[in-house]
Amino acid sequence: MKELDLDWKNLSFSYYPTDYNVRCTYKDGKWGEIEVSTSEIIPLHISASCLHYGQESFEGLKAFRGKDGKIRIFRMDQNAKRFIRSAEGTMMAPLPEDLFCKMVRMVVKLNERFIPPYGTGASLYIRPLEIGITPLIGVKPSTEYLVIMLVTPVGPYFKSGFKPTKVCISREYDRVAPKGTGSIKVGGNYGASLVAGEKAHSLGYSVMLYLDPKEKKYIDECGAANFFAIKGDRYITPASESILPSVTNLSLRQLAKDMGLKVEERNVTLDEIPEFDETAACGTAAVCSPIWRIDDLDTGDSYIISDEDKAGPVTTALYNKLRAIQYGEEEDKYGWCEVLD
Ligand code: PLP
Ligand code: COI
């Protein structure tokens, strides 16, 4: 296997070409054989339903090179289940969980030389996606689907890494509709968030902190990540039908409990922000990204939560614990990581 000369420690969260991707097609009511491809291109009919009507969903998970040199994939069963829910929510054929996991293992092994070495803080991002490929003009579901899994080595999602960022609130933008597609991972949600995201960036914020789209009263989602806050001995995170149930948040809630914190999943109003000791965004890409300040662009209120230069102690402890499990430094007592042979 050819050694790669990549600047692993300074990787950003962007696409870097790798050797292979894997693909599987659904046709005549069934999934075919997994195909291995070296091409970065897909042949697609100009009238495919994914292009016109957004019949698309994706996932994001990571593989890590552990302290012991072994490869660990984090909680892929959870991503497989969410991929099924996203397919069902867009009338696509759901990829069975065992086939999802088989494809993930395969694409990781095939691209093993792109898994960042232990100690660099980087990881291999795995991006499964599903698209409707039947040529259509009427608005209806495809009968044929393509699942592709690609991988790319990544560093931190935010340029600052684990350093705190500031976020903003604006009632002018919603990411999703109240009873819409917020709880599944479909491309349309992200296309719809670009204007708000670019607005936040142009004003010097890392992301838009969305309020619930119905009442604009509660904190909902933090860009492409969930939101959590620490208040005394409590880990507080929004309960909402318009946010994506995050695998990272699910894991942090367990780790928070293990650390003796009380976990609250409930509505979180803006009035409560001044009472928070720490706030952060969490997700596969974002891991745990501390937020030091929240600016409300509509009211002019500015909430300074914590130190601008340093993450709070609980967020830091949660981050360290999660990373230690993912890199095989600490016991994986819940069996979250699959170790590849
Ligand atoms: N919320 C949104 C909108 C996301 O895109 C993501 C990323 O997947 C998350 C939350 C975090 O979810 P997870 O921890 O499963 O990656
Ligand atoms: C993830 O955290 O995996 C995401 O999907 C976030 C973003 C890159 C879309």
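Keep in mind it's a predicted model, so treat the numbers as computed, not measured. For ligands, and for the atoms within them, numbers begin at 1 and follow the listed sequence.
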Q: May I ask you to check whether Y210 and Y173 place their ring centers less than 6.0 Å from one another?
A: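 No.
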Q.
Please report whether the ring centroid of F58 lies less than 6.0 Å from that of Y190.
A. yes
Using a strict cut-off of 4.0 Å, indicate which atoms of ligand 2 neighbour a heavy atom of [X].
X: F13; value: 8 (C)
X: A224; value: 6 (C), 7 (C)
X: Y125; value: 1 (C), 3 (O), 4 (C), 5 (O)

Q | Nearest-neighbour protein heavy atom for atom 9 (C) of ligand 2, which is reported as residue plus atom name and distance | A |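 Here the nearest protein heavy atom works out to Y190 CE2, 3.8 Å.
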Q: Specify the protein heavy atom at minimum distance from atom 2 (C) of ligand 1: its residue, its atom name, and the distance to 0.1 Å.
A: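 The protein heavy atom lying closest is A224 C, 3.5 Å.
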Within ligand 1, which atoms have a heavy atom of [X] less than 4.0 Å away?
X: T248; answer: 13 (P), 14 (O)
X: Y190; answer: 2 (C), 3 (C), 4 (C), 5 (O)
X: N226; answer: 1 (N), 10 (C)
X: S246; answer: 11 (C), 12 (O), 13 (P), 14 (O), 15 (O)

Q. For I291 and V167, which heavy atoms make the closest approach, and how far apart are they?
A.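 Heavy atoms only, the tightest pair is CG2-CG2, 3.8 Å.
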**Q.** D174 versus P213, closest heavy-atom pair with distance
**A.** OD1-CA, 3.7 Å
Are any of the N/O atoms on [X], whether in the backbone or the side chain, positioned under 3.5 angstrom from an N/O atom of ligand 1?
X: T284; answer: yes
X: C282; answer: no
X: R82; answer: yes

Q) Are any of the N or O atoms of A285 closer than 3.5 Å to those of ligand 2? A) yes
Q | Over 12 non-hydrogen atoms of neighbours within 6.0 angstrom of CE in M259 | A |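 Yes.
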So, does [X] use its side chain to make a donor-acceptor pair with the main chain of [Y] at under 3.5 Å?
X: S246; Y: N226; value: no
X: T134; Y: S142; value: no
X: T152; Y: Y16; value: yes

**Q.** A225 contact mode with ligand 1 (heavy-atom cut-off under 4.0 Å)
**A.** backbone
Q | Side chains of C337 and I325 in contact at under 4.5 Å (non-hydrogen atoms) | A |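 Yes, their side chains come closer than 4.5 Å.
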Q: Assign the ring pair F13 / Y125 to parallel, tilted or perpendicular, where the plane angle (0 to 90°) is split at 30° and 60°.
A: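 Judged by the thresholds at 30° and 60°, the geometry between F13 and Y125 is perpendicular.
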Q) Parallel under 30°, tilted from 30 to 60°, perpendicular over 60°: which one fits the rings of Y327 and F64? A)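 Correct class here is perpendicular.
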**Q.** ligand 2-proximal atoms of K62, by part, heavy-atom distance under 4.0 Å
**A.** neither
Q: Determine whether the side chain, the backbone, both or neither of K185 has a heavy atom under 4.0 Å from any heavy atom of ligand 2.
A: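 Looking at K185 and ligand 2, just side chain atoms fall under 4.0 Å.
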Q.
Could you work out, for atom 8 (O) of ligand 1, the closest of K185, R175, E221 by heavy-atom distance?
A.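 It is K185 that holds the nearest heavy atom.
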Q.
If the contact criterion is a heavy-atom separation under 4.0 Å, does R127 count as touching ligand 2?
A. yes
